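All chains are named by letter (A, B, ...) in the order of the sequence lines, taking the proteins before the strands, and each is independently numbered beginning at 1. Treat the numbers as computed from the prediction; the structure is a model and nothing was measured. Hydrogens, waters and symmetry mates play no part in the numbers below; they use all other heavy atoms, side chains included.
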Protein chains: 4
Amino acid sequence: MKKNKPKFKQIIDAAVEVIAENGYHSSQVSKIAKKAGVADGTIYLYFKNKEDILVSLFQEKMGQFIEKIEQETTSRQSADEKLHTLIHTHFEQLAADHHLAIVTQLELRQSNKDLRQKINNVLKRYLNVIDQIVEEGVEEGLFRNGLDRRLVRQMIFGMMDETVTNWVMKDQRYNIVDQASEVHSLIIYGLARNREEEER
Amino acid sequence: MKKNKPKFKQIIDAAVEVIAENGYHSSQVSKIAKKAGVADGTIYLYFKNKEDILVSLFQEKMGQFIEKIEQETTSRQSADEKLHTLIHTHFEQLAADHHLAIVTQLELRQSNKDLRQKINNVLKRYLNVIDQIVEEGVEEGLFRNGLDRRLVRQMIFGMMDETVTNWVMKDQRYNIVDQASEVHSLIIYGLARNREEEER
Amino acid sequence: MKKNKPKFKQIIDAAVEVIAENGYHSSQVSKIAKKAGVADGTIYLYFKNKEDILVSLFQEKMGQFIEKIEQETTSRQSADEKLHTLIHTHFEQLAADHHLAIVTQLELRQSNKDLRQKINNVLKRYLNVIDQIVEEGVEEGLFRNGLDRRLVRQMIFGMMDETVTNWVMKDQRYNIVDQASEVHSLIIYGLARNREEEER
Amino acid sequence: MKKNKPKFKQIIDAAVEVIAENGYHSSQVSKIAKKAGVADGTIYLYFKNKEDILVSLFQEKMGQFIEKIEQETTSRQSADEKLHTLIHTHFEQLAADHHLAIVTQLELRQSNKDLRQKINNVLKRYLNVIDQIVEEGVEEGLFRNGLDRRLVRQMIFGMMDETVTNWVMKDQRYNIVDQASEVHSLIIYGLARNREEEER
DNA sequence: AATGAATGAGCGTTCATTCAT
DNA sequence: GATGAATGAACGCTCATTCAT
């Protein structure tokens, strides 16, 4: 299988670097090939076309990304903790790979409808992880009943995504992992002044 | 000033239509010129280059968009109501202009870093409106103290944005305005089971 | 109409020259553009694609070619004379344009099935001219009855074509027009020793 | 000698099939190798380059083709009969191998000047056979004296070739062998009304 | 002898922008 | 101001050939 050959990963890693450094539209196949240390034609032994590099890149990297999140969250007890771990691991992983963060938050979004559709398919697995945590939270009595699952998913994903994008666009100048707890708290409790505060 | 000449608006409206119908990458300057009923060269009497059409488009349309939101929100009393009105008006306006919704949520994001930076500058005015409402909410005692303003802004904007994008990608098949209250509620109260429920 | 603009002919003439000198497969669009004194992109204002240059070239040149043959033959009285004139004019015209001869006899045949089909359509008009002459010959009682029209057409065209191709492949080193009468004679009388000869 | 090794013929037969089915320009070396059941690199142990496959193909197939024609014709008595047999066998052999017919009449002509020159060298042997028959015919007193040998050869070959090409381009929908006698008759007697007819 | 992964030169076409009219 | 014909730089992809194994 092609995915296990060393050049497959080699090219994908080169693509992440090149795209992060040059931007999506200045990332010619020849540039990626050069960075990967292979001939232009070699790219096409491992990928159908340029778009396929990007889809594969996303599948490969997001696959690991989600796996890690699944690992970390399952070990937690409550939905609340799981959600916190999810946010923390989400931020942590992107903070650990600056190039990948730029690519996923900015450059890959410049792709066309088709590619974006394929990217969304990869994301579904992640959204399922979120859904399950929410489900557990409701069953545990921690989260409200009657929540619109789709909206909740959008709130959680949308907020994390927006937070990471802002961090990337501010050139990753602060530590995003520090914001995990606050984000978690906002998602769980919202803006409203809560009881404890009120009682103080 | 060029912005008040009829052809300026004519070209921008043509651009919205063309981009919504053909997608960002199939929206050549010549296609926009044709739809606007002017010659290709005329475009360059009103805009510096292609990117300038898109920036102007966003400025023009978002200007009106934000103005409307400012109007609607200022008439409301509490921060809570203002936030609800903001969400409702945000959804309402995009629901009213399908083409614009496609362009802002999907197509314009395919632009490069530069253009997106400029788009973000236009958005700042909108984020200020949000900030002010949050400020009021805190002062009114409705919202928690000690909120990280930037994160709150990201939560509110990120969630609305994600909700609209999802709606657009589902081909606008449902009525997004119906979701305003639920979104508002999630932002205000979060996922946590609230007091009323608990007491039940 | 594009066909009347000077650049249309300019490009076609450049194409004939370039193809004759470099061969079909070494005739890049950029080379044709350069010879025509226009930019590469200008080609595409007048032709759909590279193949379209070739089809148009053939239509344009063969159109004139056939017209001339029609003119010359109609003024002749008998089918026999008409056939002789046809052969003579066919040879004469190709002898007068060495580049065109190379292109039609050698280079254009390197095209794919599609293009060849289109070329054949242009040729139909020529084959019709031949058919009519044969028809007249039969009516005049000069030619045999019961001739298979398709085979006759193939004999006449095949022989002229083969004769011209041989001449071109011998680098046009002899005067092909000198062979018109002999070719005519072979077509009319075949190989067989005729009566006069036999009676001698 | 390489020509006697089984893979040599194996590759040539694969080439005929691949070219007939896919057309000259879609017949990549790798496709031929696959059909022949050998590795791409193996091709280059038996052939200098791609062009050499085609030249060898033509030599191999035309060699057999001409041999058969030589066999059949020598057994005939008169030049007239020999010519008839030549035409008949020519048609018969191509009718018997549809793939080869497509390759020789259409696809191989898409090759460049160089290759065509080499192909013509192979054809010389065939043209010699024709020449000899004509010579005999003249000596026998059946054919006219003073015939231009080159033109006669072109008439005979050109007509057969044109007839076969037409048949191939009409997707071999009729039986070309049926036309042998008529073609023969046209070559021998031409178009002119002959004595027998006139006397009737 | 045989393999097949790797190579890299080569090209048709698009489209934002210009500028003579 | 308005036009639209002309420009030309830029790039993804193919495939004949090589060569280490």
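Checking E:dA9 for Watson-Crick or G-U wobble geometry (two distances, each under 3.5 Å) identifies F:dT14 as its partner. Across all strands shown, the partner of F:dT21 is E:dA2, judged by Watson-Crick or G-U wobble contacts whose two distances both fall under 3.5 Å.
Distance from the side chain of C:Leu45 is smallest for F:dT7 among the nucleotides F:dT17, E:dT14, F:dT7. Residue D:Ala39 places its side chain closer to E:dT3 than to any other of F:dT17, E:dT3, F:dC11. The listed nucleotides are F:dG8, F:dA2, E:dA2; the one nearest the side chain of B:Thr42 is F:dA2. The side chain of A:Lys7 lies closest to E:dA6, out of E:dA6, F:dC13, F:dC11. Side-chain proximity of C:Asp40 to F:dA9, F:dG12, E:dT17: nearest is F:dA9.
In this structure, CD of B:Gln28 is placed 13 Å from C1' of E:dT13, rounded to the nearest angstrom. Regarding C:Tyr44, its OH atom lies at a distance of 17 Å from the C1' atom of F:dA5, rounded to whole Å. We find that NZ of D:Lys48 is positioned 16 Å from P of F:dA16, with the value rounded to whole Å. Between B:Tyr24 atom OH and E:dA16 atom C1' there is a gap of 12 Å when expressed in whole angstrom units. Atom C1' of nucleotide F:dA16 and atom CD1 of D:Ile53 are separated by 10 Å, given to the nearest angstrom. One can place CD1 of A:Ile32 at 8 Å from P of F:dG12, the figure rounded to the nearest angstrom. Atom CD1 of A:Ile11 is separated from atom P of E:dA5 by 14 Å (rounded to the nearest Å). Put simply, CZ on D:Phe47 is 13 Å from P on F:dT17, counting in whole angstrom units.
For the pair C:Thr42 (side chain) and C:Val38 (backbone), a donor-acceptor distance under 3.5 Å is absent. Within the 3.5 Å criterion, the main-chain N or O of B:Ala36 finds a donor-acceptor partner in the side chain of B:Gln10. Here the side chain of C:Lys31 pairs a donor or acceptor atom with the backbone of C:Ser26 at under 3.5 angstrom.
In terms of position along DNA chain E, the nucleotide closest to C:His25 lies nearer the 5' end than the nucleotide closest to the other residue of the pair B:His25 and C:His25. Where A:Glu51 and B:Val38 meet DNA chain F, the nucleotide closest to each residue was compared, and B:Val38 sits on the side nearer the 5' end. Mapped onto DNA chain F by nearest heavy atom, A:Val29 and D:Ser30 fall at different nucleotides, with A:Val29 at the one closer to the 5' end.
For B:Tyr46, a side-chain nitrogen or oxygen approaches OP1 or OP2 of F:dA2 to under 4.0 Å.
A cation-pi geometry, defined here as NZ or CZ lying under 6.0 Å from the six-membered ring centre and within 45° of its normal, holds between A:Lys50 and A:Tyr24.
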Worked check of salt bridge (Lys or Arg N to Asp or Glu O under 4.0 Å) between A:Glu21 and A:Lys35 | CA-CA 12 Å; A:Glu21 283 167 2; A:Lys35 176 78 87 179; 3.6 Å; yes
